[in-house]
Amino acid sequence: MSTEAVLIVAAALFGIGVYGVLSQQSFVMLMMGIELLINGALLALVVLWARVAGGNPQGQMLGIVFMTVMAVEMAIGFALIAGVYRVRRADITEKLRRLKG
Amino acid sequence: MIEGPLIDAAFFVFAAGAIVTGYRVFRTDSMVRAAFYLLASFAAVGGILVLLGSEFLGMVLILMMAGEMLVMAIVMVMFMMNPAGLNPMVMVHQNRTAAIAGIVAFVALSAVAVLGEFPDRPAPEPAAATQELGIELLGDSMLVFQTAGVALLSTMIGAVAIAGRRGRYGVAEDGSLEPPLQPDEEAMP
Amino acid sequence: MLTTAIFIPIVAAIALAVLPRIARQADERTLRAVATIIAAIPLVLLVVAWLRFEGGGGFEQVESIDWIPTLGIGYRVGLDGLSLPLAAMTALLFVVSIAYPVDYRGRAIPYLALMLFLEGVSIGLFLALDLFLFFVFWDVSLVAMYFLIGAWGHGDAQRSALKFFIYTFAGSLPLLLAILGLYLATEPRTFDMAEIIRQQPLAGAGLYATLVFAGFFIGFAIKTPMVPVHTWLPPAHVDAPGPASAILAGVLLKMGTYGFVRILMAMLPETWAEFALPIAVLAAISIVYGALVALAQTNLKRLIAYTSVNHMGYVMLGLAAAGAAVTGQEAAQAVALTGATVEMVAHGLITGALFLVSGSILARGGTYEMDAYGGLLTRARSLTGLTALLAFASLGLPGLAGFVAEVQIFAGTLAIYPVLAAIALLGIVLTAALFLRLLGRMFLGALPERWREFPDLGRTEILTLGTLAAFVVLIGIVPAWLLGVIDSFAGPFVGRP
Amino acid sequence: MNDGAGMVAVVGDVLPEIALVLGGVVVLLYALVAGAERQMGAALLALVATGVAAVLTIAVLADPQKVTFFGTYARDGSALWGKLIVLAATAVTIGLSAPWFRRDPRHGEYYTLLLYSGLGAVLLAGATDLKELIVAMLLSSATGFVLSGYHRRSSPSAEAAIKYYLIGALANSAMLFGVALLFGLAGGTTLDALDTGLSGGIATVVGVGLVIVGVAFKIGAVPAYMWVPDVAQGAPAPVAAFVTAVPKVGGFIFLARFVLALPDGAIGWEVLVAVLAALTMTLGNLACLWQDDLRRLLGWSAVSQAGYGLMAIVAIGQSDLAVPALLFFLLAYVPANLAAFGVVVELRGRTALADYAGLARTRPLLAGALATSFLSFIGVPPLSGFVAKLLLFLVAIEVGYTWLAVVAAINTVISIFYYVRVLAPAYFGASAGPVRVLGRPAAVATLAAAGALIVTGIAAEPFLAAFRAAALLIR
Amino acid sequence: MSVLILPLLPLIAAALVWLTRRRPAFAGPMAVGSLVASILLGLWAAATGPVLEIVWSPAIQLSLRVDGFARVMVVLVPFIAAPIVAYAAVTEPAGRARLLALMLAFVAAMTVLVVAADFVTLLIGWELVGATSWALIGHGWRDRANVEAGTQAFLTTRLGDLGLYLAAGATFAATGSFAFAGLAQAATPWREIVAGGVLLAAAAKSAQVPFSPWLFAAMAGPTPVSALLHSATMVAAGAYLLIRLAPSLDAVAWFLPAIVIVGLVTALGGGIVAMAQTHMKRALAASTSAQYGLMFIAVGAGSTAAAGAQLVTHAAFKSLLFLAAGVAIHATGSQLLGGRRLGRALPFVAVATGVGALALAGLPPLGGAWSKEAIVAAAVETSATLGVATLVAGFLGALYVGRFQLLAFGTGGLAGRIRRPTLTQVAALAVLAVTTVALAILWMPGLSDVVEGLTDGELAAGSAWEFVVAVGLLVAAGFVLVLLDRRGRLSDLGLRPSIQVAVGDWWSLPRATSALVVAPTLRLSVALGRADDRVIDAGVRAAARMAQFVSSLMARRVEFSIDGVVGASAAATMITAAASRRFDDAGVDGAVEATGSGVGLAGHQSRRLQTGLTHHYFVIVAVGLVLIALILFAAR
């Protein structure tokens, strides 16, 4: 379980997340992509904390912060999706292109 | 930190699980299934976190994601134009660009992993990560902690304000519009 | 006192704009009279300053307070033999332009407020002894003029105003960059003109100095304007109301040439000398080109506008000669510089008056097309007489202001750039041709039937134009009072022993 | 480090922030108990909270500048002035919001969110730690998303909010990875640690790049600028005024701190920031050119203004005037933005360019405010924007980025066109009829913002002197 | 009393005449009276030689002094002007006050010119003379042709004025002052520039080749104006200038020969033109050019004294001839030379004119003959060829003036219904005729020294054979004329009309000038004017089309449907490319506006980036990220 290996796993998760974010039409699926991005970031963070940053407790705290971000983004995201669905009946990005140019 | 072949084996299992399930999230034809794949991916990552000596973060991650996926499933059922959220569906665009971007991201970050100038500073043994985290949380990072608290509070207020259907004074969205250009049109509903 | 001269019209303008309710009750004539009186205060103050002027070669009557000392910015005003005549000419032209009757289109107050504001700003620009202050006035003048053209112009006024604004603002930004470049080279850092002139921060600075020079040059050349960046001028003039045109030609163009002397030649003399020949060539082109294009015009205002290009070319030619790196011809360089400065004043008065005249013609005939007129002498003797006088002044007839300027420019330049001076001389034949054609087409010959009732100038118009014409004649016949003041600046400036 | 006295001491360093937190809670409680007609009271309470916070800030303005909270939070001149600008902007936004949301029966908690959003910007301005960066950004963003979508019956509002959110989520998440990398490299999360720990290898490059994308989102710069016009157009107008201005204060000041912590010469951040500045201002300007919707135009103009602001970042660490330039830019930009949007608000949200014809005759004061704001954007003296632009050009030239100053100058010229496209009909055109306005609070707030442009432009010296004395600490 | 009074008196008189225009009766006497006063003043000035310096600035001092030949001119100018003005006062009904005022102003300007002792003052007088002549020639301004003739005259002479500007500048460059005094010490090449400038100015004013045709145009003015222009003012200024300055400039090797050439060409060419011309006043105008050509020859031959003498005698007889022509025209209403022969009808006028004609022809003992002999003597002294040529020129003079006299006032023509001259007109003629006769005093022994003294020049010692040859030629001319007259070929000279017209119209010089100078200038100006309206537009448009092509290629890819990376970079390229493109619907001119609309187009393009689709935005962010990393990496 080398540092590089874990980082590559994190990179893979991040890459999948990027793919998801760019390819998915549905807001919910988009958010899953974002989750995966953060997931990768979290994994990278923890391995760096354990192997590279000398177990600095700030890293653990940073992990909490990451998860807070995840939670907040999800919560706000769901609320906004609910809101936009209510006024626009829209659940995919293509339905929202009134604001442009 | 624990080392050894068993650990490596476990890591490979978790790693493979995380990546495969993560990939399956966007390769399944049902949103609900995707949600569960995502949960699985998170669980696998949680496992790796535990392996890395960060038990607390790993467990929190798994628990939090479990709850979150539940919400996600509900949202899907509630709002998606595919009412059951269980039917097969393919909803992708600019697939090739996305794939290229994903691969580029992966390659770039892998390059960072391999070529990166990371110093070797392993965590001292035995790791008391959770305890240190507690000290950090209420000590050095108190401001961060408090800020996060405010952020969570605002999130709650905001989520309720946006998504709540029933407000304190009747239907929540009533009157929540821009003012009309001529005030006489502004009869209160 | 200079500060008072600058700020009385500005304050009055703001007061007019802020207290419109009281003012709105007054009729337009009263308002105009009040504005004229206010506008005359700076003129009076500047006349007093003139009487107190000593001509020691440096800046006099300096008033200075710190403004933004953190950046070395101060409110500094003062005058010397260069700025005093220009400021006085500005004040005079503004008094006349404000007094000149014009169709306010129901918005007399904003018009007069803008004119007063512009007066203060313009005087301030000529008196500013701080680069920052200079630039502030520079830019503000653009805005005020933009509104004047846009709101009270005719034809495609908004478009012309926009073109004017964008074009000249585009010129002001290189200017700003150059000011900053110059500022960064000073030690200690300051925007104080006198201090910068003393420091000569860019002496021997090579490419850096050249870049700063280029910034200034572009900025001033657009404003002057020199060929080929003159194209904003004709539309702006054609569509502007008469008095605004007069100010534009009489005052705003001078800001460019004034900047050349006050900043470029004084602060980067080496670089100026290095580029003096190309500048002189450009000036000669401006002269001949401006005159030739003017010759082809059928529109009265466009014609006058292009003669501005021509006349500003004379100024630039004189300046190029005055700053050239030659030794032994300091006397000639002083003459060239004096001539260029006189040309600024003379052109301000003459062309300003000509634009006022064209405004009156438009008000009577409804068009600037010269071929629409003819034989106006039959009906409008004062108009014809004044126009003829101004036209002759503009073509450089002795006894009028233009000659005093041009003969000095040519004489001074000939010592430095004989060939260019000779080419530039062709300009005076061409201007003579075009002005004589103008007079012939519009005022002489047979009177077309439709102008049977063409009214002559009114009393206000005669009075105001007459004032300008009187100064044109005065400078033409006894220019010593003016030349002496200018020479007190020009002599030391070129290092005449 | 964990003793009680120390804790009290550090808590004393964040009294304004605490005032905002408590103010938010009070407003929330009030909103919950007050009746539908009384929701306006929340605005007053929020105003009081900003006032208290401002007083508390001013009280410590002269105190020694330091980094507190164990290296995570700066209380230096930059942060304090940033705080004051944010608080003033928040107060103006409250003034704009009160009449705007009058019909919304539950807009009490709106003010809580507004205060917390302001708080997020404040914290961002003071953050010297990556954790703090993330949470402050989160606070600022999360509230921003909600505020943008606050018109729950309005489809543009919802669309704006979700676009804002999606771009924000992506940028923030990307930033998390960058933060993880930087943490690993530096072995700590404080900027101090970054300053000493970063080397300049590929990991640093990627990490810094990801963080910069996150900050770029916050300040609306390339490559994460797309939300700005959408939010400006779709969000409730007071919110649009707020989120296109206030988060930038925090974002810019944090960015300045961040680049200060980067290894000198090891990575090309100056070039990067300069390129981003050039792209941002150019793109924003070009997109403005043919906008027929004033709010959208203002959004794009906010993008281009962010590009100008980045010029100051380029000079951070190399020019004494970089920090003053940045702060003055914010001092000029924020009120101008608020004033322009304020006019929109006061005119009941009218946004079609054609609707502004003849405004100078019907509503001369508002037309004046609009003109002041636009001329300040252009950088016409003696308005605040001119001094800002002068300083920005100055520092860019001083550190050798003359080309950037030239690009900015060209952009300024282009910008005249679209600003004048609004002003010319307003001043030269004929009005279509009577123009109804929203209410006095909005007018007062708008005129105050516009007035600030004139005052800070002419009396620039006290501010500049203060900004000169303001430190930008990372340890 | 200073020298300033000399020009001021006629100027003030002009103003008074103008102010009292409502009472026409006053105008004439006032004008003539002031001129008489001027004559007296001139005499006083000539005797005392007053000097005045006016300081304009350290570099410019105007100096006016009555010395040298100016002593003669200050008297001559008002003296000749007085009868002409008197004649004009009774002849010209339309705008009489204006005409008289302008004529007085003209005299004033000429006086300034005459007393100038530096180039600036000279320029003032010089240009004012030109401008006044514009107004005088265009006196009948209701007819635009007159105005245009005035314009032509003014422009031609102003072209020559450029020489004076050059001379002034060169003098200042060389000596640090504009005064004539230092001219002799001027260094080369300034000296050469001065010489060239002076020659140019003098040739233009004195209607020498190639500037001669302006005198024809000047005939559009009333006849008294022509008389004034041709005799002691305007045209005389050129010769006067040479008389004053040539001695200071003779260090310039080519200067005198150049003057000679100009003068000789004009004298011979002008003589033939005068011979061929059928228009009464134009014949006289051509003769003026020729006569001044003789003066040029004299100056070039080193005898300014001879030139000065010729100037004086010419002033007298030429004004006489013009007024006579005026009477003749007035009498018949026709401008043509032929078909009148008024000798019987107006015997006195015929006699008076005859005196003038004989003076021009050079019949001793008239003064004209004396000055002509002096010129021939100087020419012969220079070279024999020049002497012969000068004699030929004199022969031509005798021929054309004889032809003029015979055709206009010969016997055997009209006697019937003609308008008779008034008494004042006759008196004016008489004064001039008497003057012409009185100038025979020049033949008085010992007066040569006086002439030399007054002109600061020298006279060549003539020899007897020159005199004999000259008289012989005169007799021959008489024979030729009689012969032609007998055959009835006096008017058409037996030439084909087309040739006669071509030669008579100054060898078609006006048409050549029009085709080679005026028309091209106007065409150029119109072309430039048009070009200026759409500056360098073509180039910009071409560049724009290019950019349009490139960006349309790119535009197809911008839809993001395919690779977003390509799309984004294409959009970026397009923005740059479009920056120089032209925006079609603006319909505007000018390079600047083209750039402006190019920017505008870029605006449209950049808005297309903002598709409204979030996933496109994501792509932009992703691409941005990559670029950021690359820049950070590359710029290390």
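Chain letters run A, B, ... following the sequence lines, proteins first and then strands; every chain starts at 1.
- For chain B, the option among A:Gly63, A:Ala71, A:Gly20 with the highest count of heavy-atom pairs below 4.5 Å is A:Gly20.
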Which atom pairs, donor and acceptor, lie under 3.5 Å between side-chain atoms of residues 30-43 of chain A and protein residues at least two apart or in another chain?
none

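- Rounding to the nearest 0.5 angstrom, the gap separating the CD atom in B:Gln146 from the CG atom in B:Leu153 is 11.5 Å.
- Chain A forms the most heavy-atom pairs under 4.5 Å with one residue out of B:Leu152, B:Ile48, B:Leu38, and that residue is B:Leu38.
- A 4.5 Å side-chain heavy-atom check between A:Phe27 and A:Val84 finds at least one atom pair inside the cut-off.
- Both the backbone and the side chain of A:Ile76 come within less than 4.5 Å of a heavy atom in chain B.
- Put simply, the side chain of A:Ile64 reaches to within 4.5 Å of the side chain of B:Phe56, judged on heavy atoms.
- Proximity to chain A is absent for every atom of B:Met156, based on heavy atoms less than 4.5 angstrom apart.
- Scanning residues 15-22 of chain B against chain A with a 4.5 Å non-hydrogen threshold yields B:Ala15, B:Ala18, B:Ile19, B:Gly22, sorted by number.
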field: Step-by-step side chain to side chain contact (heavy atoms under 4.5 Å, CB included) determination, A:Gln24 to A:Thr93
entry: CA-CA 9 Å; A:Gln24 297 301 307; A:Thr93 58; over 6 Å; no

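- Only the backbone of A:Ala53 has a heavy atom closer than 4.5 Å to any heavy atom of chain B.
- Between chain A and the residues B:Asn95, B:Val144, B:Thr147, the most heavy-atom pairs under 4.5 angstrom are made by B:Asn95.
- Seen from the ring of A:Tyr85, A:Arg89 counts as a face-on cation partner, given the 6.0 Å and 45° thresholds.
- With a threshold of 4.5 angstrom between heavy atoms, A:Val65 approaches chain B through side-chain atoms but not through N, CA, C or O.
- Chosen from B:Phe11, B:Tyr37, B:Phe26, B:Phe145, the residue pairing most often with chain A at heavy-atom distances under 4.5 Å is B:Phe26.
- B:Tyr23 meets the side chain to side chain contact (heavy atoms under 4.5 Å, CB included) test with A:Ile16, B:Arg27; sequence neighbours excluded.
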In a table with atom names and distances, give each donor-acceptor pair under 3.5 Å that connects a side chain of residues 99-121 of chain B to protein atoms at least two apart or in another chain.
unit_1, atom_1, unit_2, atom_2, d
B:Ser110, OG, B:Phe106, O, 2.7
B:Glu117, OE1, D:Ala203, N, 3.3
B:Glu117, OE2, D:Ser199, OG, 3.3
B:Glu117, OE2, D:Gly201, N, 3.0
B:Glu117, OE2, D:Thr204, N, 3.2
B:Glu117, OE2, D:Thr204, OG1, 2.4
B:Arg121, NE, A:Val52, O, 2.7
B:Arg121, NH2, D:Gly184, O, 3.3
B:Arg121, NH2, D:Leu185, O, 3.1

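- To the nearest 0.5 Å, atom CD of residue A:Glu94 and atom OG of residue A:Ser26 are 10.5 Å apart.
- Across all non-hydrogen atoms, the minimal contact from B:Leu52 to A:Arg51 is CD2-NH2, 4.1 Å.
- Contact of A:Val6 with chain B is made through backbone and side chain together, with heavy-atom distances under 4.5 Å.
- Interface remark: A:Ala5 contributes backbone and side-chain atoms alike to the contact with chain B (heavy atom separation under 4.5 Å).
- The residue among B:Leu61, B:Leu57, B:Leu49 with the most heavy atom pairs within less than 4.5 Å of chain A is B:Leu57.
- A side-chain N or O of A:Gln60 and one of B:Ser54 form a donor-acceptor pair less than 3.5 Å apart.
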